[in-house]
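First comes the structure, then the notes that go with it.
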Amino acid sequence: MKWYSMSQVSKMLGFGSVNTFKKHYLEKYPPDRDTPTYKGYTENTLLKMKAEILGQGAN
């Protein structure tokens with residue numbers, strides 16, 4: 001299983017800052033893995049977010 005950090009996810013979704021992602025989408029898309037120093041998302045969650053936020057298919 002591949003994991004993506006919150007900063008990687010925000011860049012892949014085209015946000016200029018991870019803070020923008022946190023402010024607008026963190027509540028709707030909570031991390032799959034959450035520790036005090038790491039917030040991670042699986043590839044499946046990333047594809048779901050891309051489809052919903054960017055309107056893209058699973059590429």
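Below, each value reflects all heavy atoms present in this structure, side chains not excepted, and no hydrogens, waters or symmetry copies.
Here salt bridge (charged side-chain N to carboxylate O under 4.0 Å, His left out) pairs that include residues 10-28, with residues two or more places apart or in two chains, are Lys28-Glu52.
The distance from the CE atom of Met6 to the CG atom of Asn19 is 10.0 Å, given to the nearest 0.5 Å. Taking CG of Leu26 as the reference point, atom OG1 of Thr20 lies at 12.5 Å (rounded to 0.5 Å). Between the NZ atom in Lys2 and the OG1 atom in Thr42 there is a gap of 12.0 Å [rounded to 0.5 Å].
Proximity of the aromatic rings of Tyr29 and Tyr41 is defined here by a centroid distance below 6.0 angstrom, and this criterion is not met.
Contact of the Asp32 side chain with the Trp3 side chain is registered, since non-hydrogen atoms from C-beta on lie closer than 4.5 Å. Contact annotation: the side chain of Met49 never approaches that of Tyr4 to less than 4.5 Å [non-hydrogen atoms, C-beta and beyond].
The closest side-chain donor-acceptor pair between Ser7 and Ser10, if any, does not fall under 3.5 angstrom.
When hydrophobic clusters are built by joining Ile, Leu, Val, Met, Phe, Trp and Tyr residues whose side-chain heavy atoms come closer than 4.5 Å, directly or via intermediates, Met1 is not grouped with Val9.
The minimum heavy-atom distance linking Met12 with Leu54 is given by the pair O-CD1, 4.2 Å.
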